[in-house]
Amino acid sequence: MIKKLHYDVYTGTALSLFSVWVLLQAAGIPGEAKLLPMALSALMVVCAVTVLANGIRKTRAANDSGTVNLLEHKHAFLFMLGIFVYYLGFRYIGYWVATPAFLIVSQKWLKVRSWKVNLIVTITYTLVAYILFVAVLKLPIYRVGILGKYFRFV
């Protein structure tokens, strides 16, 4: 009899492998610049191993519930597809257009019922990001995407 594994086992294994790869990449950074990336990637490894251990524990406890069924997780995969579309929008049309659009659509997807709350969160986040990244840190975010040049105010 083949034992069915909980989906956290697959997720934890993939995250562990990815985290170890990131840790190895961070170790190759010269000088003291590698300290923060190594610390963050080590934390990623700890979290990934925790997910893996949790999945192993759930596999032992579960009968058939918790096994991998892609149809049960279609909303998660569709949201991941939305994040990929956001990445493409960020890359090609610019941060200042793609981010508010993504925030509005994703809040509706996550069932934020009030349009007022949706708009307040979107506008507040965009303004805080603009003030922090462009005005305070002087990051040239306007250079990203074809519409970015229209958002160069500072």
Side-chain angles (χ1 to χ4, degrees), residues 5-62 66-68 70 73-112 117-154:
L5 298 175
H6 192 273
Y7 60 86
D8 280 353
V9 173
Y10 299 110
T11 304
T13 302
L15 288 175
S16 296
L17 293 172
F18 177 73
S19 301
V20 168
W21 178 78
V22 170
L23 183 65
L24 293 173
Q25 295 299 313
I29 297 173
E32 290 183 15
K34 69 180 172 185
L35 293 178
L36 182 62
M38 284 190 65
L40 292 175
S41 56
L43 185 61
M44 282 175 40
V45 170
V46 170
C47 291
V49 169
T50 303
V51 170
L52 179 61
N54 223 2
I56 292 170
R57 183 185 53 79
K58 289 177 183 177
T59 297
R60 290 182 185 151
T67 56
V68 174
L70 295 181
H73 305 291
K74 69 180 177 183
H75 293 292
F77 286 116
L78 287 173
F79 199 77
M80 287 174 52
L81 178 64
I83 292 171
F84 179 70
V85 170
Y86 166 65
Y87 162 75
L88 292 176
F90 176 89
R91 182 93 173 126
Y92 295 108
I93 62 173
Y95 178 82
W96 303 113
V97 175
T99 299
F102 175 74
L103 285 174
I104 290 170
V105 170
S106 64
Q107 287 180 75
K108 279 314 210 185
W109 175 270
L110 295 171
K111 307 222 185 313
V112 173
V117 171
N118 193 337
L119 289 175
I120 289 170
V121 167
T122 301
I123 291 168
T124 303
Y125 175 80
T126 305
L127 286 175
V128 168
Y130 186 83
I131 291 167
L132 180 67
F133 293 133
V134 177
V136 175
L137 297 175
K138 308 280 189 224
L139 294 174
I141 294 177
Y142 61 86
R143 291 184 184 164
V144 178
I146 59 174
L147 298 176
K149 63 185 174 188
Y150 298 115
F151 295 94
R152 184 178 180 188
F153 300 117
V154 177

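Put simply, CG on Leu119 and CD1 on Ile104 are 5.5 Å apart, with the number rounded to the nearest 0.5 Å. Between Leu103 atom CG and Thr124 atom OG1 the span is 10.5 Å, to the nearest 0.5 Å. One finds the OG1 atom of Thr59 at 10.0 Å from the CG atom of Asn54 (value rounded to the nearest 0.5 Å). Interatomic distance, Leu36 CG to Leu40 CG, rounded to the nearest 0.5 Å: 4.5 Å. Rounding to the nearest 0.5 angstrom, the gap separating the CD1 atom in Ile123 from the CG atom in Leu127 is 7.5 Å.
Here the shortest heavy-atom pairing between Pro100 and Thr126 reads CG-OG1, 3.7 Å. The two residues Leu132 and Val136 have their closest heavy-atom pair at O-CB, 3.4 Å. Pairing each heavy atom of Pro37 with each of Ala33, the nearest pair is CD-O, 3.2 Å. Across every non-hydrogen atom of Ala26 and Ser41, the tightest pair is CB-OG, 4.2 Å. Taking each heavy atom of Asn118 and Thr122 in turn, the nearest pair found is O-OG1, 2.8 Å.
Side chain of Asp8 to main chain of Val51: no donor-acceptor pair is present (N/O by atom type, distance under 3.5 Å, no hydrogens or angles).
Residues meeting the side-chain contact (heavy atoms from CB on, under 4.5 Å) test with Ile83, sequence neighbours left out: Phe79, Phe102. For the side-chain contact (heavy atoms from CB on, under 4.5 Å) test, residues two or more places apart in sequence or in another chain that qualify with Ile56 are Val9, Leu52, Arg60. Qualifying side-chain contact (heavy atoms from CB on, under 4.5 Å) partners for Ser19, counting only residues two or more places apart in sequence or in other chains: Met44, Val45, Ala48. In terms of the side-chain hydrogen bond (donor to acceptor under 3.5 Å, both in side chains) criterion, residue partners of Thr99 (sequence neighbours excluded) are, by chain and number, Tyr86. For Tyr125, the side-chain hydrogen bond (donor to acceptor under 3.5 Å, both in side chains) partners two or more places apart in sequence, or in a different chain, are Tyr95.
For residues 21-35, no pair satisfies side chain to side chain donor-acceptor pair (under 3.5 Å), with sequence neighbours left out.
You'll find the side chain of Val49 stays beyond 4.5 Å of the side chain of Leu15, heavy atoms only.
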